[in-house]
Amino acid sequence: MSAAELRRGEQSALHCSGTRTLQVSPPGGGPDIAFRFGAVLDGARTQEDVFRACGVRRLGELALRGFSCTVFTFGQTGSGKTYTLTGPPPQGEGVPVPPSLAGIMQRTFAWLLDRVQHLGAAVTLRASYLEIYNEQVRDLLSVGSPRPLPVRWNKTRGFYVEQLRVVEIGGLEALMQLLQMGLSRRRSSAHTLNQASSRSHALLTLYISRTRPQLQQVPPADLAAPPAGGKLCFVDLAGSEKVAATGSRGELMLEANSINRSLLALGHCLSLLLDPQRKQSHIPFRDSKLTKLLADSLGGRGVTLMVACVSPSAQCLPETLSTLRYASRAQRVTTRPQAPKSPVAKQPPGLETEMLQLQEENRRLWFQLDQVDPKAPGLHGARGSWAQRNLYGMLQEFMLENERLRKDMSQLQRSRDMAWAEQQVLAQQVQELERRLLAASRVHPVPAASPPCPCVMLPAVPCHALQSFCSCPCCHLCPLCRAPLAHWACPQREGHLPQMLGPKAPGDIPLSARPPPWAPPYSPGSAKCLRERSRGSWTQTTMLAEMLIGEEVVPSAPPLPVEPPNTPPVLRGGTGVANLAQRLEALRHQIGNSLRRGQSRLLPSEGPQSLDQVLPPR
Ligand SMILES: Nc1ncnc2c1ncn2[C@@H]1O[C@H](COP(=O)(O)OP(=O)(O)OP(=O)(O)O)[C@@H](O)[C@H]1O
């Protein structure tokens, strides 16, 4: 808690549970909310603890190896961002800040220079320092008063600030002076929550160029290593603030709005970066100068450390929760860290000749590959041994295999199409048979004292509840009893249809539950159980079509034949055509029987009808 918060006697709403979990307890009761981060550091931690726990040294190592790394602090105004990065401001002109209070930046500088010395590598350090104030980029190291600088973009550099001064650093002392100079030029103002509130986002970037190490200190393999160019950027964001809480007016309010807007843009980019479909989605980095300059750190090739600063005071709980959620989101963003590509080193003259020879050999091999006839029946003899000996031979074999598989596939497709066409013809014949069957049965009606069918005014057997089926067209009526063929579940149908269903059914299945004689046998994988079908789906035509065609549908990707490649491919659905023909024959037989029975009751005046007049041609 800040001194002011302690003075006001505010309660704490946060406590650390372990080294990685932060527990938020709302003051009015309610369930605790836990947040888990890489590290959680409470108010008792020293600046040194923060430096050691936050992982900035790992970033320094990466920067030395050529990666682009960023550390940024984020949080509500007055929560300690600047303090965490750079320590407290000097208490007066010429009054040094005690070393124990130095922030992450000073400690990292010292550590980095020490590391460079320890490595014995020749490293060039350069630095730039800028601030984004009211959406304008200003150079904090400029000679003379800072003026707004443009942010540009190109393919190799991404977003960058044009004409930004980059200063070469001789040592730690120079680096510390440069930091102090930037801090003193940075815009800050006093408001209710912070006497020295930063009104701009500040970015200090260290450019680390590693020249080739000394010959005697490295193994020969490293000699060709080009100078690596890493980057370590420290970003002290201005704090988000509620204008009502800070009491900002006039210029302060303008600054606050600008700060909040750019932080909002940053939050928006973070949310979109978390989107699993992010490859397709556009990340609006161009929405603010801040997001432009952080684009590479957030979503690109950078490695980024975010330090979220919060006040434990219960009064700040809404802002604290907002910061913690922001940080939770940020820690789920993944980047694709990538060291900058090394420029191609100049080859020694001997290597150049070898490279030319290899290129020539490559050309010759490609020429040989082109000469091989892809239609040749396999690779045998001298060519076969050649193929076994080198990669191009294998490639050729794959091509031939591919060609053969393609032929097999088109043959399978042709057989499938033929089977399909045959099924269509058979299905049409079945429909025609049904139609004629109905026509024949109308000619020879079964005399019965039954109530007339409400839709066709034909007599029907009393056991059939025709009222409930009258929506079906008349062509769906049973040719013998006039009941809709859909009515297979009729409990008394045995009395009317013994001649169609034959003697007792196997397995003691009641006749009423049995399917029609031309129905295919039920198989669990192929079609729905007959009894499961809804009444509406039991129209004769659709039922037949489904049973005869639906079951025979050929899979769209038939499995490749397991037989040797010379045998003609077998189509899975091919046997279905034979089944269809058998069923069609059975149907013809049934119709013939029923017609013969009808003829035996025929009136002399109507004259006999031959079977061929009723049945479709075979
Ligand atoms: N860990 C800490 N220990 C002691 N004092 C601290 C700590 N963190 C912050 N402070 C003090 O709190 C005050 C506000 O801190 P600081 O200026 O770093 O906040 P800030 O988040 O950068 O605010 P703003 O966004 O307004 O710039 C300062 O006086 C600072 O010295």
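Computed over heavy atoms, backbone and side chain alike; hydrogens, waters and symmetry mates excluded. First listed ligand is number 1; within each ligand, the first listed atom is number 1.
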**Student:** To which protein heavy atom is atom 5 (N) of ligand 1 closest, and what is the distance rounded to 0.1 Å?
**Tutor:** Y83 CE1, 3.7 Å

**Student:** Would P89 count as a polar contact of ligand 1, with the cut-off being nitrogen or oxygen pairs under 3.5 Å?
**Tutor:**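 Checking ligand 1 against P89, no N or O pair falls under 3.5 Å apart.
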
**Student:** Report yes if P88 has an N/O atom closer than 3.5 Å to an N/O atom of ligand 1; otherwise report no.
**Tutor:** no

**Student:** Where on Q47 is there a heavy atom closer than 4.0 Å to ligand 1, on the side chain, on the backbone, on both, or on neither?
**Tutor:** neither

**Student:** Below 3.5 Å, N or O to N or O, backbone or side chain included: is there any such pair between G239 and ligand 1?
**Tutor:** yes

**Student:** Using a distance threshold of 4.0 Å (strictly less than), state whether atom 29 (O) of ligand 1 has a protein heavy-atom neighbour.
**Tutor:** no

**Student:** Can S128 and Y207 be counted as having a side-chain donor-acceptor contact under 3.5 angstrom?
**Tutor:** yes

**Student:** Going by heavy atoms, is S79 under 4.0 Å from ligand 1?
**Tutor:**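 S79: in contact with ligand 1 (<4.0 Å).
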
**Student:** Identify the two heavy atoms, one from L232 and one from G60, that lie closest to each other, and give their separation to 0.1 Å.
**Tutor:**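 It is CD2-CA, 4.2 Å.
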
**Student:** Answer yes or no: is there an ion pair linking E48 with R52, defined by an N-O contact shorter than 4.0 Å?
**Tutor:**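 R52 and E48: salt-bridged.
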
**Student:** Looking only at protein heavy atoms, identify the closest one to atom 12 (O) of ligand 1 and say how far it is in Å.
**Tutor:** G78 O, 4.4 Å

**Student:** Is there at least one pair of N or O atoms, one from K81 and one from ligand 1, spaced under 3.5 Å apart?
**Tutor:** yes

**Student:** Note the single closest protein heavy atom to atom 17 (O) of ligand 1, along with its residue, its atom name and the distance in Å.
**Tutor:**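 Of the protein heavy atoms, N194 ND2, 3.0 Å lies nearest.
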
**Student:** Looking at R329, I'd like to know if its CZ atom is crowded, meaning that more than 12 non-hydrogen atoms belonging to other residues, nucleotides or ligands lie closer than 6.0 Å.
**Tutor:** yes

**Student:** Answer yes if the side chains of R187 and Y133 hold a donor-acceptor pair under 3.5 Å, and no otherwise.
**Tutor:**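 Checked: R187/Y133 side chains pair up, N/O donor to acceptor below 3.5 Å.
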
**Student:** Give me the residue, atom name and distance of the protein heavy atom closest to atom 27 (O) of ligand 1.
**Tutor:** S198 N, 2.8 Å

**Student:** Among L204, L164, T205, find the residue that satisfies the side-chain contact (heavy atoms from CB on, under 4.5 Å) test when tested with Y129.
**Tutor:** L204

**Student:** If you count the atoms of ligand 1 from 1 in the order shown, which ones are under 4.0 Å from a heavy atom of Q76?
**Tutor:**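 Ligand 1 atoms under the 4.0 Å threshold to Q76: 21 (O).
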
**Student:** Which heavy atom of the protein is the closest neighbour of atom 22 (O) of ligand 1, given with residue, atom name and distance?
**Tutor:** T82 OG1, 2.8 Å

**Student:** Of the backbone atoms (N, CA, C, O) and the side-chain heavy atoms from C-beta on, which set of S2 has a member under 4.0 Å from an atom of ligand 1: side chain, backbone, both, or neither?
**Tutor:**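 Neither part.
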
**Student:** Are F285 and F159 an aromatic pair, judged by ring center distance below 6.0 Å?
**Tutor:**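 No, the ring centres sit 6.0 Å or more apart.
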
**Student:** List the closest protein heavy-atom neighbour of atom 19 (O) of ligand 1: residue, atom name, distance to the nearest 0.1 Å.
**Tutor:**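 Looking at atom 19 (O) of ligand 1, the protein heavy atom closest to it is G80 N, 3.1 Å.
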
**Student:** Any N/O of T84 closer than 3.5 Å to an N/O of ligand 1?
**Tutor:**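 No, no N or O pair falls under 3.5 Å.
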
**Student:** Is it true that the side chains of T73 and T84 contain a donor and an acceptor less than 3.5 Å apart?
**Tutor:**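 Side chains of T73 and T84: no pair found under 3.5 Å.
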
**Student:** Would you call R115 and E61 a salt bridge, using N to O less than 4.0 angstrom?
**Tutor:**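 Yes.
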
**Student:** Answer yes if the side chains of S145 and R147 hold a donor-acceptor pair under 3.5 Å, and no otherwise.
**Tutor:**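 No donor-acceptor contact under 3.5 Å links the two side chains.
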
